[in-house]
Amino acid sequence: MDFTFTEEQQAAVEAAKAVFSSVTPDSVPSPALTAGAVADDFDRALWRKLAEGDLLGLTLDPRYGGSGLDPLALCLMLRECGRVLARVPLLESSAAALAVQRYGGDELCADVLPRAARGELVLTAASSGRTGHGPAELAVQARRTGEGWVLDGVQTAVPWAHGADRVLLPAHTGEGGTVLALVPRDHEGVALEEQISTSGERQAEVRLDGVRLTDREVLTADGAWEWLRDLLTTGTCALALGLGSAVLDLTSSYVSDRKQFGFPLATFQAVAVQTADRYIDLRAMEATLWQAAWRLSLDEERPTVSGALPIAGDVAVAKIWAAEGVRRVVQTAQHLHGGFGAVTDYPLHRYHAWGKQLELSLGSAAAHEEALGELLAAHPSADRPPLGRRPPLG
C-alpha cells in the first residue's frame with residue numbers, strides 16, 4: 001500500500017500554505033468582545049488570493065477552469081485553512097460547485113462553474129435543516145409544477161449566506177425523494193435573517209416562500225444530497241484537523257517556554273502525558289479523515305473491498321474522531337495555558353470558539369455514533385456469525 005499523496009496533491013498543499021501564510025486569526029474583533037458578528041462579510045481579499053492561485057477550482061474539471069483534482073486534495077487544502085481560522089467559504093463553495101459538476105446539467109455547469117473557479121460567483125450550502133436537529137432535507141418542500149419547481153420552507157444556520165450569491169440546499173419532494181436546489185440569494189421569495197455562530201461569524205436563517213426555480217436549477221439525481229452531505233462532513237473534519245494541529249503547536253510552544261519552580265512546564269510528566277494523548281487524538285483524526293476522503297475520491301466504477309461499509313460509515317467514523325478529538329485538544333490547551341488561555345489578545349480563545357463550532361457542525365459525535373450503529377446493524381460483516389450462534393472452535 002502507498003499512503004503518500006500524489007505530486008499534484010502535494011503541490012496544492014504548498015500553494016495553499018503560501019496563500020494562508022499571511023492570514024492571522026486576529027484579523028477581526030474577538031468574538032468574546034463582540035455582541036454581534038465579528039464582521040459583516042467574509043475575507044474578500046483572501047478569497048481573491050485563492051482565486052488568483054487557482055485554488056477555488058481545485059476539484060473542478062479543466063473545461064470549467066479547474067485543476068481536476070479529487071476531494072482528497074480539497075481536504076488537504078481545508079486542513080491548511082483550519083490552521084489559521086481562514087474566514088472564507090472554501091468548504092461550502094467548493095463542495096457546492098463539485099456537486100453541481102457531478103449532478104447538474106451541462107447548461108447549469110457552464111453557467112456556474114467557470115465563475116465559481118474564478119471567485120466571481122460565491123456558493124454556499126445549507127445542511128442544518130429547520131432547527132439543526134433531524135434530517136436537513138425535510139426542512140424545505142419542493143413541489144413540481146409545469147414550469148419547474150416551487151420551494152417552501154426554512155434552512156437555519158447557513159454559513160456565509162449573506163455574502164454568497166447562491167445557496168445549494170436540500171428539499172424533499174413529498175414522495176420520499178430529495179432534490180438539491182441552487183437558489184439565488186436575492187431571488188424573489190427568499191429572505192435572510194441574521195444568526196451568529198459560536199465562532200462569531202455571520203450566518204443566516206434562509207426562508208423560502210413560494211420560490212420558483214427552473215428545471216436546470218434543481219438537481220434531481222438519486223444520492224446527490226447524501227453525497228454532498230458526506231463531502232461537507234469530511235471537509236469539516238479536515239478543518240478540525242488543521243485547527244487541532246495549530247492548537248497543539250501553540251500549546252507545545254507555550255509549555256516549553258513557561259517555567260514553574262524553575263523548570264519548563266513541558267518537563268513535567270503530567271503535562272507531557274496530556275500533550276502526548278492529544279497528539280494521539282490528532283493522528284486518529286488524520287487517519288480516519290484520509291480514509292473518508294479517499295472513499296469519496298474513488299471513481300464510482302472502481303470496486304471497493306467486499307463486505308465494506310457504505311462510505312457513510314467511514315464519514316461517520318471520521319466525524320466522531322474529529323468532534324471528540326478537537327474538543328479534547330482545545331480543552332487540554334486551555335487547561336495547560338491556565339488563565340492565559342482566556343486572554344483576548346492571545347489567539348487560543350478564538351480557536352476554542354471555532355473548535356466548538358466545528359465539533360457540532362454536520363452532527364455531533366453522539367449523532368454520528370448513532371448513525372454508525374444503524375449502519376452496522378443493517379450491514380453485518382460477511383464473517384460475523386448470526387446472532388445466537390457461536391463460531392466453531394479450532
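These numbers come from a predicted model, not from an experiment.
- Ion pairing of R216 with D111 is present here, as a side-chain N (NZ or NE/NH1/NH2) and a carboxylate O approach within less than 4.0 Å.
- Separation of atoms OG1 (T59) and CZ (R102) is listed at 11.5 Å; rounding is to 0.5 Å.
- The aromatic rings of F340 and Y346 sit tilted, their planes meeting at an angle between 30° and 60°.
- Residues passing the side chain to side chain contact (heavy atoms under 4.5 Å, CB included) test with A15, sequence neighbours excluded: L55.
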(request) Please lay out, stage by stage, how Q291 and V317 fare under the test side chain to side chain contact (heavy atoms under 4.5 Å, CB included). (result) CA-CA 9 Å; Q291 169 69 12; V317 171; over 6 Å; no
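- Cluster partners of I196: none. The rule joins Ile, Leu, Val, Met, Phe, Trp and Tyr whenever side-chain heavy atoms lie under 4.5 Å apart, and it links nothing here.
- At least one side-chain heavy atom of V100 sits under 4.5 Å from a side-chain heavy atom of C109.
- Here L358 contributes atom CG and L241 contributes atom CG; the two are 11.0 Å apart, rounded to the nearest 0.5 Å.
- Residues V218 and T220 form a side-chain contact, since some pair of their non-hydrogen atoms from C-beta on lies under 4.5 Å apart.
- Residues W47 and V28 fall into different hydrophobic clusters, defined by Ile, Leu, Val, Met, Phe, Trp and Tyr side chains chained together at heavy-atom separations under 4.5 Å.
- Annotation: side chain of F5 is in contact with side chain of L72 (closest heavy-atom distance under 4.5 Å).
- The distance from atom CD of Q203 to atom CD of Q357, rounded to the nearest 0.5 Å, is 5.5 Å.
- In this structure, L208 and V206 have side chains that are in contact, with non-hydrogen atoms separated by less than 4.5 Å.
- Ring centroid separation for the pair Y103 and W225 does not come in under the 6.0 Å cut-off.
- Residue-environment remark: CG (D106) stays at or below the threshold of 12 foreign heavy atoms within 6.0 Å.
- With respect to R212 and E147, no salt bridge is recorded, no charged nitrogen being found less than 4.0 Å from a carboxylate O.
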(message) Does D41 form a salt bridge (Lys or Arg N to Asp or Glu O under 4.0 Å) with R202? I'd like the steps, not just the answer.
(response) CA-CA 8 Å; D41 198 5; R202 197 180 185 200; over 6 Å; no
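- Within the 3.5 Å criterion, the main-chain N or O of M285 finds a donor-acceptor partner in the side chain of T288.
- A salt bridge links R350 with D26: at least one charged nitrogen is closer than 4.0 Å to a carboxylate oxygen.
- Within a 6.0 Å radius of CG in D222, no more than 12 heavy atoms belonging to other residues, nucleotides or ligands are found.
- Criterion: ILVMFWY side-chain heavy atoms under 4.5 Å apart, direct or through other members. Under it, L362 and V140 are not part of a common hydrophobic cluster.
- With values rounded to the nearest 0.5 angstrom, T344 atom OG1 is found 4.5 Å from L33 atom CG.
- Although no hydrogens or angles enter the test, the distance criterion places a donor-acceptor pair under 3.5 Å between the side chain of S93 and the main chain of L123.
- When side chains are defined from C-beta on, T275 counts as touching L336, because their heavy atoms get closer than 4.5 Å.
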(message) Please determine whether ring-ring contact (aromatic ring centres under 6.0 Å, His included) holds for the pair F268 and F263, giving the CA-CA distance in whole Å, both sets of side-chain angles, and the decisive distance to 0.1 Å.
(response) CA-CA 8 Å; F268 297 169; F263 296 94; 7.1 Å; no
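- Salt-bridge formation is not detected for the pair R115/D165: no Lys NZ or Arg NE/NH1/NH2 atom is positioned less than 4.0 Å from an Asp or Glu carboxylate oxygen.
- Summarising the geometry, atom CD belonging to E370 is positioned 11.5 Å from atom CG belonging to L375; distances are rounded to the nearest 0.5 Å.
- Residues in residues 267-278 take part in these salt bridge (charged side-chain N to carboxylate O under 4.0 Å, His left out) pairs, two or more places apart or across chains: R278-D281.
- At least one donor-acceptor pair closer than 3.5 Å links the side chain of R144 to the backbone N or O of G148.
- Taking CZ of R48 as the reference point, atom CD of E120 lies at 12.5 Å (rounded to 0.5 Å).
- More than 12 heavy-atom neighbours from other residues, nucleotides or ligands sit within 6.0 angstrom of CZ on R185.
- Salt-bridge check for E52 with K49: failed, with every basic side-chain N at 4.0 Å or more from each acidic carboxylate O.
- At distances below 3.5 Å, at least one donor-acceptor pair connects side-chain atoms of Q101 with backbone N or O atoms of D61.
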